[in-house]
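Report on the following structure.
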Amino acid sequence: MNIFEQYLDKIKKVILKLSKNGELIIPKNLDGITTEIPPIKFDADISTNAAMVLSKINKKPPKDLAAILVDEIKKDDEFIESINVVKPGFINLKLKSIFWNNFVKEIIQNSETFGINKKEKKKNYLIEFVSANPTGPLHVGHCRGAVLGDVIANILLFNKHKVTKEYYVNDYGNQIINFTKSVYYRIREILFNEPFPIDNYELYPGDYIINFAKNILNSKSINDYKNFKNISEQLTVLSTNEALKLIKKNLNKLGIVHDSFISEKKLVINQEVEKVINYLQSQNFIYQGKIKAPAGENTKNWIERDQLLFKSTNFGDDKDRALQKSDGSWTYFASDVAYHKNKLDRKFDQLINILGADHAGYIKRISFSVEALSGSKQKIICKVSQLVKLIKDKKPFKMSKRKGDYITLDDLINEVGKDAARFIMLNRSSDVELEFDFDSIIEKSKDNPLYYVQYCYARIASVFRHIEKDIKSKIIVKNYNFKFSKEEINILKKISEWPKCIDISSRKLEPHRIPTYLYELASLFHAYWNLGKENPEKRFINDKRNISEDKLVFLKVTSNVIKTGLKIVGVSAPEKM
RNA sequence: GCGCUUGUAGCUCAAUUGGAUAGAGCGCCUGACUUCGGAUCAGGAGGCUGAGGGUUCAAGUCCUUCCGGGCGCACCA
């Protein structure tokens, strides 16, 4: 139950009715009219801007219009305690405590579905995220995008949409050849005692390659390692499989499981790239031409050459984009276009891509290709996760692949744990760079907002332990005539904002709103808890270890939201810490 | 040079898809545990939301021009 939607509907009905009676002129649509959470200082529960929005068209001051609206809104509403008009023209409603009794009843009876946007049309989403090259373990940089994608999926799933989480495996191209060669040299190092050519900058120096080499040797799939050419194809498959196995293990440790993995190589082998290029050619989106060197860049080494180009400038890109390399093989972009055709063919309602900041420049061309392929019928949403700045010893920590001094996702989780990693990565809007201070998260874990929220749940759980009830089991309520305290109603108000939080997070694909909300809710709860120190009446259980039904229900409802929220974020809700 | 993105308290960040007197944490100062878990709480100091212009009843939020940061700008992926 979303009380803001509920009252918005009601207010709109009132406005329509007044306009029918000729008391009010209304604009073409009422979209500008909203219900909001009033600032705390007003001691109100819901506010609306209706009078201000209607003011201009009616040529009347908001105050006068508000007066008319207030009378009509008040009519036949047994739940409104007071309603008043505030300075620029806001109408603020305060609800009676019976309203909150009903509100709580609703939640108790539908604890699993509280917060879900039931009105929303259910869609079928495809969300592609992580898609790191299968050449080694995931590192910290991948972590943020991974969590972002996973939690966006969780929010959509919570709202009862259908979601497919997909990983695009870039197992084709130069990087893969270099990677396979690296494995090959490590194998020779083991078999023939040849030193690994560490000076060759095309190769991957990381130690993990040694493990891949050992695993492949142990599998005994290949007998003769003397000639690279003879075994390169087989070795590529074995090597990328090793890398993928490791990546999946890393993801699992973060609590992420993709529904499907799509191989770039397969798209190429099945000639899906040719097919899509032919199609685009038939639609006149492709031509043979040259790309100009970018202005301001060092153009000494620039070689202009004829290439197969996609006309992304048709859609507003700065330049057209190459599809084919000079050796005739496809560019990354070409097979990605084929991949997106493949996505479109699977008939999703909405495609979502999660990209790292370093790939943001890629968004235009890929979205334009989706436009071209779908005849502008489909648009893809691309979310960018900004960089994570690692701080160690109060200094920025720069990672270098070459030196091998980069922090893997595995290291990160081993140090701070899955839950903290997820919560911190999500705690900020994905649009801003995030500072990840290793030391403060490891050393003083109390500074970690995750614990603050979890502690709230643990405190409630401890009350349940004292009264020998299970926090997880359903509560049977005899009658719903509660008498909530001022503080409890204040927290219930916050709980009433939960569906709104979910709604916005879902529509804007902004999961960071959930940890923020949970933190705020936990904060109110901790403050209330501490009142019990000075005033025993504010405690939840009395000397005889009894609890009133009101308080029991209140705790149940609060813990329910915290738990649901933590679950969406993908972290645990421990009963003891 | 171009594109994307960002600029809010000393630091790290929120801010209800345009709403009211811009809020938290850290740090700094003062206080609260014989009793439901102190991983907590109460109070104080700290702001011309980078600068100018515009749209609007209303702008941190939208448009525009500057200034500063980040990322990207070939056949890499």
Side-chain angles (χ1 to χ4, degrees), chain A residues 4 32 34-39 41-42 47 49 51-53 55-56 61-62 86-90 92 131-133 135 170 172-176 264 291 293-297 301-305 307 317-319 322-327 329-333 336 356-364 384 386-387 389 391 427-429 431-435 437 440 444-449 451-452 454-456 458-459 461-463 465-467 497 500-501 503-504 507-508 510 512-513 516 519-520 523 526-534 536 538-543 545 547 576-577:
Chain A
F4 297 94
T34 56
T35 43
E36 309 277 344
I37 304 155
K41 58 199 165 199
F42 287 108
S47 83
N49 60 359
M52 289 178 294
V53 174
S55 158
K56 197 175 184 184
V86 187
K87 227 176 11 191
F90 287 100
N92 287 346
S131 296
N133 290 351
T135 55
N170 304 128
Y172 171 82
N174 288 332
Q175 297 297 332
I176 291 299
E264 179 183 6
I291 304 179
E297 274 234 334
N301 302 326
W302 185 269
I303 306 160
E304 265 196 8
R305 54 194 139 209
Q307 279 176 308
D317 205 351
D318 335 320
K319 52 181 121 185
L323 294 160
Q324 204 166 27
K325 302 181 199 169
S326 48
D327 67 359
S329 62
W330 299 117
T331 61
Y332 173 81
F333 176 55
D336 207 18
D358 50 343
H359 288 86
Y362 190 74
I363 293 177
K364 280 191 179 178
V384 173
Q386 286 298 328
L387 292 184
K389 276 192 271 182
I391 308 284
N427 207 18
R428 306 295 184 208
S429 155
D431 298 331
V432 283
E433 286 185 19
L434 178 131
E435 204 161 277
D437 188 339
S440 87
K444 325 176 262 174
S445 59
K446 63 180 170 184
D447 288 347
N448 190 322
Y451 294 107
Y452 188 85
Q454 285 181 326
Y455 188 44
C456 172
R459 275 182 152 171
S462 104
V463 173
R465 270 199 304 280
H466 276 97
I467 55 171
E497 295 168 19
K500 196 167 179 147
C501 171
D503 190 36
I504 296 170
R507 256 182 303 143
K508 300 183 82 176
E510 290 182 347
H512 75 277
R513 290 167 186 275
T516 304
Y519 189 91
E520 288 165 1
S523 172
H526 287 313
Y528 180 35
W529 179 283
N530 276 61
L531 290 179
K533 281 181 185 160
E534 304 213 328
K538 300 282 184 192
R539 285 179 206 158
F540 294 105
I541 43 186
N542 61 22
D543 310 342
R545 296 211 161 173
I547 188 168
K576 279 185 183 174
M577 292 173 70

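Throughout, a chain's letter reflects where its sequence line sits, starting with A, and its residues are numbered from 1.
- Counting distance only, with no hydrogens placed and no angle test, the side-chain atoms of R459(A) and the base atoms of rU40(B) include no donor-acceptor pair under 3.5 Å.
- Straight-line distance between the P atoms of rG23(B) and rG69(B): roughly 31 Å, to the nearest whole Å.
- The side chain of I504(A) sits closest to rU16(B) out of rU40(B), rU16(B), rA77(B).
- Relative to the side chain of N92(A), the nucleotides rU40(B), rA20(B), rA77(B) differ in distance, and rA20(B) lies closest.
- If you take atom P in rU34(B) and the same atom in rG47(B), they sit 38 Å apart, rounded to whole Å.
- You'll find that the side chain of L387(A) is closest to rG70(B), out of rC36(B), rG70(B), rA20(B).
- As judged by a 4.0 angstrom heavy-atom cut-off over every strand, G173(A) is placed among residues touching the sugar-phosphate backbone only.
- For rU49(B) and rG7(B), the P atoms lie 14 Å apart once the distance is rounded to whole Å.
- Among the heavy atoms of the strands lying under 4.0 Å from F42(A) is at least one base atom, whether or not backbone atoms are also near.
- Among the protein residues, S326(A) comes within range of the nucleic acid bases, having at least one heavy atom under 4.0 Å from a base atom.
- Applying the salt bridge (charged side-chain N to carboxylate O under 4.0 Å, His left out) criterion to E497(A), with sequence neighbours excluded, gives K494(A).
- Counting non-hydrogen atoms under 4.0 angstrom, F333(A) reaches nothing in the nucleic acid.
- Expressed to the nearest 0.5 Å, how far CG of N170(A) lies from CD of Q175(A) amounts to 10.0 Å.
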Please write out each protein N/O paired with an N/O of nucleotides 54-62 of chain B under 3.5 Å, distance rounded to 0.1 Å.
from: rC57(B); atom 1: OP1; to: K56(A); atom 2: NZ; distance (Å): 3.0

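- The partner of rU21(B) cannot be assigned: no Watson-Crick or G-U wobble pair with both contacts below 3.5 Å exists in any strand.
- Using a 4.5 Å heavy-atom threshold, the side chains of E435(A) and R428(A) count as separate.
- Closest to the R513(A) side chain, of the nucleotides rU16(B), rA77(B), rA14(B), is rU16(B).
- Pairing partner, rC41(B): rG31(B), with both Watson-Crick or wobble hydrogen-bond distances short of 3.5 Å.
- Taking atom C1' on both rG72(B) and rC28(B), the two are 41 Å apart, rounded to the nearest angstrom.
- Spacing of P atoms, rG25(B) relative to rU21(B), comes out at 23 Å, to the nearest Å.
- With both ends at atom C1', the span from rG3(B) to rU8(B) equals 26 Å, rounded to whole Å.
- For the pair K87(A) and rU21(B), the criterion of a side-chain N or O lying under 4.0 Å from OP1 or OP2 is met.
- Taking the C1' atom of each, rC67(B) and rG53(B) are spaced 15 Å apart, rounded to whole Å.
- Not a single donor-acceptor pair, N or O on each side, falls under 3.5 Å between the base of rU5(B) and the side chain of D431(A).
- Applying the 4.0 Å criterion to OP1 and OP2 of rA22(B), one finds that K41(A) has every side-chain N and O outside that range.
- Nucleic acid contact for A132(A): none, since no nucleic acid atom lies under 4.0 Å from a heavy atom of the residue.
- Judged by distance alone, with hydrogens and angles left aside, H512(A) brings no side-chain donor or acceptor close enough to the base of rA14(B) to form a pair under 3.5 Å.
- Ring orientation note: the planes of W529(A) and F540(A) are tilted relative to one another, at an angle of 30° to 60°.
- Of all nucleotides listed (rA32(B), rU5(B), rG72(B)), rA32(B) comes nearest to the side chain of K533(A).
- For the side chain to side chain donor-acceptor pair (under 3.5 Å) test, no residue two or more places apart in sequence or in another chain qualifies with Y519(A).
- For the pair N49(A) (side chain) and T34(A) (backbone), a donor-acceptor distance under 3.5 Å is present.
- Remark: K500(A) NZ to R513(A) CZ distance equals 11.0 Å, nearest 0.5 Å.
- A sub-4.0 Å separation between OP1 or OP2 of rG25(B) and a side-chain N or O of H526(A) is absent.
- The shortest distance between the side-chain N/O atoms of Y451(A) and the OP1/OP2 oxygens of rA39(B) is not below 4.0 Å.
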Below 3.5 Å is the cut-off: list the nitrogen or oxygen pairs between protein and nucleotides 44-48 of chain B, distance only.
none

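- Which of rG3(B), rC41(B), rC36(B) sits closest to the side chain of H466(A) comes down to rC36(B).
- When heavy atoms are screened at a 4.0 angstrom cut-off, P61(A) is found touching no nucleic acid atom at all.
- With sequence neighbours excluded, the residues that form a salt bridge (charged side-chain N to carboxylate O under 4.0 Å, His left out) with K389(A) are E433(A).
- With sequence neighbours left out, K325(A) forms a side-chain contact (heavy atoms from CB on, under 4.5 Å) with N174(A), D327(A), S329(A), T331(A).
- Residues passing the side-chain contact (heavy atoms from CB on, under 4.5 Å) test with P39(A), sequence neighbours excluded: K41(A), F42(A).
- Of the candidates rG38(B), rA20(B), rU40(B), the closest approach to any side-chain atom of Y452(A) belongs to rU40(B).
- Within the nucleic acid shown, L531(A) has no heavy atom closer than 4.0 Å to any nucleic acid atom.
- Under 4.0 angstrom from either OP1 or OP2 of rC41(B) there lies no side-chain N or O belonging to Y455(A).
- Nucleic acid contact class of K576(A) (heavy atoms, under 4.0 Å, all strands): base.
- Y172(A) pairs by the ring pair (Phe, Tyr, Trp, His ring centres under 6.0 Å) definition with nothing, not counting sequence neighbours.
- Below the 3.5 angstrom threshold, one finds no donor paired with an acceptor across the side chain of S131(A) and the base of rA77(B).
- Across every strand in view, rC4(B) sits in a pair with rG70(B) that passes the Watson-Crick or G-U test at under 3.5 angstrom.
- Residue E497(A) is out of contact with every strand shown, counting any heavy-atom pair closer than 4.0 Å.
- Pairing for rG46(B) is absent, judged as Watson-Crick or G-U wobble with the two contacts each under 3.5 Å.
- Ring stacking holds between F90(A) and rA20(B), with the centres under 5.5 Å apart and the planes within 30 degrees of each other.
- Taking atom P on both nucleotides, rG52(B) is separated from rC2(B) by 24 Å, rounded to a whole Å.
- S523(A) meets the side-chain contact (heavy atoms from CB on, under 4.5 Å) test with Y452(A); sequence neighbours excluded.
- The side-chain contact (heavy atoms from CB on, under 4.5 Å) check on H466(A) picks up S462(A), I541(A), R545(A), with sequence neighbours excluded.
- I291(A) comes within 4.0 angstrom of the backbone, heavy atoms only, and of no base.
- For the pair H359(A) and rA77(B), the ring geometry qualifies as stacking, because the centroid separation is below 5.5 Å while the planes lie within an angle under 30°.
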Sub-3.5 Å pairs of nitrogen or oxygen atoms, protein against nucleotides 10-13 of chain B:
from: rC13(B); atom 1: OP1; to: E433(A); atom 2: O; distance (Å): 2.8
from: rC13(B); atom 1: O2'; to: R428(A); atom 2: NE; distance (Å): 3.2
from: rC13(B); atom 1: O2'; to: R428(A); atom 2: NH1; distance (Å): 2.1

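- Taking the ring pair (Phe, Tyr, Trp, His ring centres under 6.0 Å) definition, one finds that Y455(A) meets it with H526(A), sequence neighbours left out.
- For rG72(B), its base never sits under 3.5 Å from the side chain of K364(A) at any donor and acceptor pair.
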